[in-house]
Amino acid sequence: MKTEIALLREMGARRPYTDSRPLEIVEAELDEPGSGEMVVRMAAAGLCHSDLSVINGDRPRDMPVALGHEASAVVESVGPNVTRFQPGDHVVLIFAPSCGHCVPCAEGRPALCEPAAAAAGRGALIGGGKRISRNGETINHHVGVSAFSRHAVVSEASCVKIDKSIPLDKAALLGCAVLTGAGAVLNSGDLQAGQSCAVVGLGGVGLTALLGAIAAGASQIIAVDLAADKRGFALELGATHAVDPNAPDAVAELRELSGGGVDLAVEVAGAAPALRFAYDVTRRGGTTVTAGLPNPKAELTIPAVSLTANEHTLKGSYVGSCVPVRDIPRFARMMLQGQLPIERLMTHRLGLDELNEGFERLAAGEAIRQVVIFD
Ligand SMILES: [Zn+2]
Ligand SMILES: [Zn+2]
């Protein structure tokens with residue numbers, strides 16, 4: 001079948017993207033879904049910083065690629081051997097599908113599925129196939145999702161069914177921002193009611209981590225970002241304090257505020273200095289979780305003895321250490337009950353043809369979560 005996709009031909013376009021227009025909306029051909037695959041019609045798709053990292057080349061991918069990885073959709077048709085879905089089902093797309101059989105999957109850590117990571121690295125679906133082409137040229141899938149497309153062929157392993165009462169625009173954010181942000185706090189960080197938490201980096205994922213900390217019942221939630229307007233917004237959302245990491249003695253200020261450091265510091269800025277800051281404001285015996293994706297060449301330096309002497313835990317969190325079939329419905333219920341008011345993070349609604357404007361806004365720090373609404 002024919003559909004429209006947002007095609008990225010090469011990385012590293014010059015800004016402003018409103019002039020260089022790295023994403024082109026083109027007609028493409030979708031092959032029939034293979035075994036365990038299905039055709040979905042996108043409902044909504046979020047613009048995430050890791051899409052921007054592909055556009056600017058920080059996270060290199062094979063080109064050309066049909067970009068986008070955070071979406072909600074409706075199942076249009078199912079291919080052979082699809083057992084868990086039928087046409088009309090509402091789904092959230094998962095950019096970290098799982099095979100169910102590799103070692104991480106067997107250990108209950110599906111976000112680390114090895115065949116899924118290998119397939120994503122090749123621009124293929126988890127089953128190995130590529131189903132998008134244009135004038136005979138094969139186009140890569142983006143982490144098995146390719147969300148900025150009117151229709152996509154996806155593996156059923158890349159989908160989690162949601163209740164039809166959940167608004168599809170908000171549901172899109174469950175697939176990346178909420179899993180990654182709220183998951184970093186609630187799963188990886190295991191934040192308990194009454195504990196203190198700092199969130200370093202207040203983009204869409206960071207603010208979702210902040211909402212997760214509020215939902216967990218943290219006694220103190222300290223928002224950290226270079227941008228004053230983002231710190232202000234975090235206070236409006238419910239942070240108890242805000243700290244400018246560039247202020248003189250910012251580490252000492254935060255440690256003072258929290259009586260010696262926070263129980264949990266979550267870094268979501270994707271930059272090594274931000275991670276070091278998070279590490280430095282964690283109390284003795286506390287935990288630092290990093291969910292940011294810095295440039296692959298970035299390195300972190302910490303005093304080696306601090307891990308032992310302070311029993312400091314430093315922990316990575318990929319997609320919020322999520323188990324999607326458990327966490328998507330859980331976070332969706334929290335969203336419906338007002339515990340994760342992620343609609344407050346939705347700053348812009350776009351048409352598919354406004355992606356370049358949207359990514360320019362994201363690169364300029366002028367938006368939190370922008371969502372493409374498909375009609
Ligand atoms: Zn994302
Ligand atoms: Zn696996």
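What you see is a predicted model; the values in this text were computed from it and never measured. Start at 1 and go down the list; that is how both ligands and their atoms are numbered.
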message: Tell me if a side-chain donor or acceptor on Gln220 pairs with a main-chain N or O of Leu257 at a distance below 3.5 Å.
response: yes
- prompt: When rounded to the nearest 0.5 angstrom, what distance separates CD1 in Ile368 from CG in Leu237?
  reply: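 Output value for this atom pair is 7.0 Å.
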- request: With the Zn ion (ligand 2) at the centre, find the angle made by SG from Cys113 and SG from Cys99, to 10°.
  value: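 Result: 100°, to 10°.
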query: Is the Zn ion (ligand 2) less than 2.8 Å from an N/O/S atom of Cys105, whether that atom is in the backbone or a side chain?
result: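 So Cys105 does bind the Zn ion (ligand 2) by this criterion.
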query: To the nearest 10°, what's the angle at the Zn ion (ligand 1) between atoms SG (Cys48) and NE2 (His69)?
result: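 Centred on the Zn ion (ligand 1), the SG/NE2 angle is 110° (to 10°).
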- request: May I ask you to say whether Arg283 pairs ionically with Asp263, meaning some side-chain N is under 4.0 Å from a carboxylate O?
  value: yes
query: Does His49 bring an N, O or S atom to within less than 2.8 Å of the Zn ion (ligand 1)?
result: no
field: Within 6.0 Å of CD in Gln337, more than 12 heavy atoms from elsewhere
entry: yes
